[in-house]
Number of protein chains: 2
Amino acid sequence: MDKGSDTCQTLCVHTEVVERVSARMEPEAMLFELADFFKALGDATRVRILHALSFSELCVCDLARLLNMSSSAVSHQLRVLRGQKIVKYRKEGKNAIYSLDDYHVATLLKMGLEHIAE
Amino acid sequence: MDKGSDTCQTLCVHTEVVERVSARMEPEAMLFELADFFKALGDATRVRILHALSFSELCVCDLARLLNMSSSAVSHQLRVLRGQKIVKYRKEGKNAIYSLDDYHVATLLKMGLEHIAE
DNA sequence: CCCTCATATGAATATGTGCTCATATATGCG
DNA sequence: CGCATATATGAGCACATATTCATATGAGGG
């Protein structure tokens, strides 16, 4: 009934291993950030945006056309990606031209596709 | 399906670029799978599980203790990870011993952490 | 056999999230 | 300036999802 009761309360745990792993774990805060980063990659619209940007920089309008979505929806998702520093942009006249911010991202996408392809 | 009204309807789009990118895009279905894969990585509990498993195989009970969570919650998340072939397990007596399924995963976690650390 | 423990899973619930719609900002043009 | 276009953003809604709770399955030990 208390929280512990649903957790393994006996010595079933491999205590030494758990402690050894526990000591090597990154700080919680970093793992939360990591989760937020992957969460930003974990959406079909955003994956399609990033995949497109891995070929060429594009403005919001281009992306909307390419994905057959409203530019509002695209802009909302770009905001999420900007928040995680996954894309960057520059203004060029009326347009905002987006590109991948970080060389890691294209690599992550490629590795993800490799994993899928198994 | 007429998103045209909110999309850029003039020639603001860089037509040639859009077409060139469009031709190189992976099939939709694959990008959806990719999104589902990253979605499975995009949760703090699951990231912590995977990070722990990158050091050692562990049973559900170990993970629950390590993360200070109910084994039920852990088991639910392991189910998600199994569904994406991110972890595998073997039965050993009463225990289910989990480990990372794929060498890609540890690498992806490491690359993610590098991205964060900028 | 019972009984216990480790794990799995369905239902319910609370929280999160992606899209649409309306609106705001900003740039360029006549 | 006044107007159209490109982008950004807040609110609201519909849907997804992570945890808890209750229960089921299955392995070992008395």
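Each chain gets a letter, A, B and so on, in the order its sequence line appears, and its residues count up from 1. Keep in mind that the numbers below use all heavy atoms, side chains included, and drop hydrogens, waters and symmetry copies.
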> Applying salt bridge (Lys or Arg N to Asp or Glu O under 4.0 Å) as the test, list every pair that has at least one member in residues 25-36 of chain B; sequence neighbours left out.
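Output for this query lists Arg48(A)-Glu28(B), Asp36(B)-Lys39(B).
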> Of all residues at least two apart in sequence or in a different chain, which pass the side-chain contact (heavy atoms from CB on, under 4.5 Å) check with Ala52(B)?
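Ala52(B) satisfies side-chain contact (heavy atoms from CB on, under 4.5 Å) with Val21(A), Met25(A), Leu58(B), Leu63(B), Leu66(B) only.
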> Could you check how far OH of Tyr98(A) sits from P of dA6(D), rounded to whole Å?
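After rounding, the reported distance stands at 15 Å.
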> Let me know the distance between CG of Asn95(A) and P of dC29(C), rounded to the nearest Å.
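About 12 Å, once rounded to whole Å.
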> Once side-chain contact (heavy atoms from CB on, under 4.5 Å) is applied, do any residues pair with Ser99(B), and if so which ones, sequence neighbours excluded?
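So Ser99(B) forms a side-chain contact (heavy atoms from CB on, under 4.5 Å) with Glu57(B), Lys88(B).
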> Do Glu19(A) and Glu16(A) come within less than 4.5 Å of each other through their side chains, counting heavy atoms only?
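In short, these two side chains do not touch, never coming nearer than 4.5 Å.
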> Please list, in numerical order, the residues of residues 77-94 of chain B that have a heavy atom closer than 4.0 Å to any atom of DNA chain C.
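Listed by number, they are Arg79(B), Arg82(B), Lys94(B).
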> Can you list the residues that meet the ring-ring contact (aromatic ring centres under 6.0 Å, His included) rule with Phe32(B), with sequence neighbours excluded?
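So Phe32(B) forms no ring-ring contact (aromatic ring centres under 6.0 Å, His included) with any residue.
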> Nearest-Å distance, CE (Met69(A)) to P (dC19(C))?
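My rounded result for the distance is 4 Å.
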> Which nucleotide wins on minimum distance to the side chain of Ser71(B), given the candidates dT7(C), dG10(C), dC19(C)?
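Selected nucleotide (nearest to the side chain): dT7(C).
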> Are Val17(A) and Asp62(B) side-chain neighbours, meaning at least one heavy-atom pair lies under 4.5 Å?
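With C-beta onward as the side chain, the pair stays apart.
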> Measure the distance from CG on Leu63(B) to P on dA6(C) and round it to the nearest whole Å.
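So the CG-P distance, Leu63(B) to dA6(C), works out to 14 Å.
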> What side-chain donor-acceptor pairs closer than 3.5 Å can you find for residues 106-118 of chain B, not counting sequence neighbours?
residue   : atom : partner   : partner atom : Å
Thr107(B) : OG1  : Tyr103(B) : O            : 3.2
Glu114(B) : OE1  : His104(A) : NE2          : 3.0
His115(B) : ND1  : Asp102(A) : OD2          : 3.1
His115(B) : NE2  : Gln84(A)  : O            : 3.1
Glu118(B) : OE2  : His104(A) : ND1          : 3.4

> What's the closest nucleotide to the side chain of Ser72(A) if the choices are dA22(C), dT20(D), dT7(C)?
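Looking only at heavy atoms from C-beta outward on Ser72(A), the closest nucleotide is dA22(C).
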> Can you tell me if the side-chain N/O atoms of Ser70(B) get under 4.0 Å from OP1 or OP2 in dT20(D)?
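So the side-chain polar atoms of Ser70(B) do come within 4.0 Å of the phosphate oxygens OP1 or OP2 of dT20(D), strictly under.
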> List for me each residue that meets ring-ring contact (aromatic ring centres under 6.0 Å, His included) alongside Tyr98(B), sequence neighbours excluded, and say none if there are none.
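ring-ring contact (aromatic ring centres under 6.0 Å, His included) check on Tyr98(B) returns Tyr89(B).
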> Can you name the salt bridge (Lys or Arg N to Asp or Glu O under 4.0 Å) partners of Glu92(B), sequence neighbours left out?
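Counting only residues at least two positions away or on another chain, Glu92(B) forms a salt bridge (Lys or Arg N to Asp or Glu O under 4.0 Å) with Arg90(B).
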> What parts of residues 29-56 of chain A reach DNA chain D, counting only heavy atoms under 4.0 Å away?
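Residues of residues 29-56 of chain A that come under 4.0 Å of DNA chain D do not exist, since none gets that close.
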> Do His76(B) side-chain and dT17(D) base share a donor-acceptor contact under 3.5 Å?
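Such a pair does not exist between side chain and base.
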